[in-house]
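Inspection log for the structure reproduced underneath, given as structure tokens.
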Amino acid sequence: MNTHDPREMFVRCPSNPVLTAQQFPRMVNAVFNPGVVRFGDDVLLLVRVEDRTGLSSLVPATSRNGVDGWTIDWDRRMVPELDSYAEHWGIEDPRITQVGDEYLIVYTGFGLGGPMVCLATTTDFVSFQRQGVVQPPEDKDAALFPRKFDGRWALIHRPAPSMANLGAHVWMSWSPDLVHWGDARVLLAARRGGWWDANKIGLGPPPLETPLGWLICYHGVRPTASGSIYRLGLAMLDLEDPRRVLTRGDEWVFGPHAPYERSGDVPDVVFPCGWLMDDDGDTLRMYYGAADSTIGLATASLADLVDHLKRHACETEESL
Ligand code: BMA
């Protein structure tokens, strides 16, 4: 087994996993892949909760310090519209972008045609206004930027090709109104061959605005003889034109090592859907699903991540 290396940039919270199914008021199977925002004085996780039907809903959990003392608002959960086409088999993996007082929740609807990208909005995490399907199946791993560029919203997403051997890449699409989408193009391509992020990649948390650009964290899925390994890498996009990839790292920066990441419903998975910048402007807290079973928290210094990206900028054409 790979053991922990103290040189890793993301440091796991000593009380990991910070949230488990046992803390929920109902018997549920797994809690994972939460969207994350600051809400009032609290950290709010919009947790993907898979109950014992196998289907998922999204449940808000709040905590003052983002580590413990969670209040789980079972009654305020976003319940899938099981009689709809788009959410017939549940709702999953929310990524939340705050715009003014509004929260734009981009989530996966597990619908009759497969996974698709859906949008809901809320101001209070009590009532959720569904805005419909924004990318048809199969498509997932999507999030919005918090501001428009030249009057257009930008969405990062990951359509799945019908020919899997051609690779599943990260795309960007544009919309004037969050309803009509187009100008789609590949933003980051899955690499090929032996790379950790060969063949299939997808966005993690929403893009993070930094003075140097939009920091992107994405997962790479490496198939092995005993299943897939989900690991995380970084890229930086141009601040004013996020279609421009300034830097893409060569190495992964976080992968499954801890026992709760290495075993669970889906072993060897770390899957973040949200991160938060602390008031110091440097401490980045990443919340992630661990082995599709529990929620972990890992912290990194933004300065360290940026420095790592510079030192590990991939120069080969395979990064494009
Ligand atoms: C992805 C998504 C995630 C899940 C991951 C690992 O395709 O469906 O919800 O955490 O697989 O199983």
Side-chain angles (χ1 to χ4, degrees), residues 16-17 19-21 28-36 45-51 53-59 78 80 86-96 105-118 135 137-143 156-162 164 167-171 188 190 196-206 217-224 226-233 252 254-258 260-275 286-298:
N16 267 356
L19 203 53
T20 67
V28 295
N29 177 53
V31 303
F32 55 119
N33 301 3
V36 188
L45 303 186
L46 190 60
V47 179
R48 173 177 172 189
V49 176
E50 186 188 291
D51 65 27
T53 65
L55 309 191
S56 295
S57 57
L58 305 179
V59 182
M78 187 174 162
E87 301 182 6
H88 191 68
W89 290 308
I91 51 179
E92 306 178 350
D93 302 356
R95 276 92 169 175
I96 309 172
I105 306 168
V106 177
Y107 60 100
T108 304
F110 190 176
L112 288 163
M116 64 197 90
V117 180
C118 301
Q135 296 293 332
E138 273 203 37
D139 206 325
K140 53 163 72 167
D141 300 331
I156 298 182
H157 57 117
R158 208 285 308 283
S162 55
H169 311 298
V170 170
W171 288 62
L188 290 173
W196 68 273
D197 56 353
N199 305 323
K200 186 176 174 183
I201 60 174
L203 183 72
C217 171
Y218 68 97
H219 60 260
V221 186
R222 184 189 184 106
T224 78
S226 52
S228 296
I229 306 176
Y230 278 69
R231 301 186 179 108
L232 308 177
W252 73 83
F254 192 67
H257 286 304
Y260 51 87
E261 298 158 359
R262 299 227 52 200
S263 79
D265 274 6
V266 185
D268 292 320
V269 175
V270 290
F271 199 94
C273 291
W275 51 13
M286 179 177 75
Y287 291 86
Y288 61 98
D292 284 10
S293 296
T294 62
I295 293 174
L297 165 62

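Hydrogens, waters and symmetry mates are skipped; everything else that's a heavy atom, side chains included, is used. Atoms within a ligand are numbered from 1 in the order they appear, just like the ligands themselves.
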For the residue pair Tyr288 and Phe254, does the interplanar ring angle fall in the parallel (under 30°), tilted (30 to 60°) or perpendicular (over 60°) class?
perpendicular
Can any side-chain N or O of Asp93 pair as donor or acceptor with the backbone N or O of Tyr107 at less than 3.5 Å?
no
Is there a polar contact between ligand 1 and Asp292, counting only N or O atoms under 3.5 Å apart?
yes
For the residue pair Trp89 and Phe110, does the interplanar ring angle fall in the parallel (under 30°), tilted (30 to 60°) or perpendicular (over 60°) class?
perpendicular
Would you tell me which option among Lys140, Glu50, His219 has the nearest heavy-atom contact to atom 8 (O) of ligand 1?
Lys140
Quick check on contacts: which atoms of ligand 1 are under 4.0 angstrom from a heavy atom of Arg48?
9 (O)
Tell me, with the steps shown, if Trp196 and Tyr218 meet ring pair (Phe, Tyr, Trp, His ring centres under 6.0 Å).
CA-CA 12 Å; Trp196 68 273; Tyr218 68 97; 5.4 Å; yes
Going by distance only, is there an N or O of Asn33 that falls short of 3.5 Å from an N or O of ligand 1?
yes
My understanding is that only one of Glu50, Arg48, Glu87 makes a side-chain hydrogen bond (donor to acceptor under 3.5 Å, both in side chains) with Ser56; could you say which?
Arg48
among protein heavy atoms, the one nearest atom 11 (O) of ligand 1 is Tyr230 OH, 3.1 Å
Taking atom 3 (C) of ligand 1 as the reference point, the nearest protein heavy atom with its distance:
Asp93 OD2, 3.2 Å
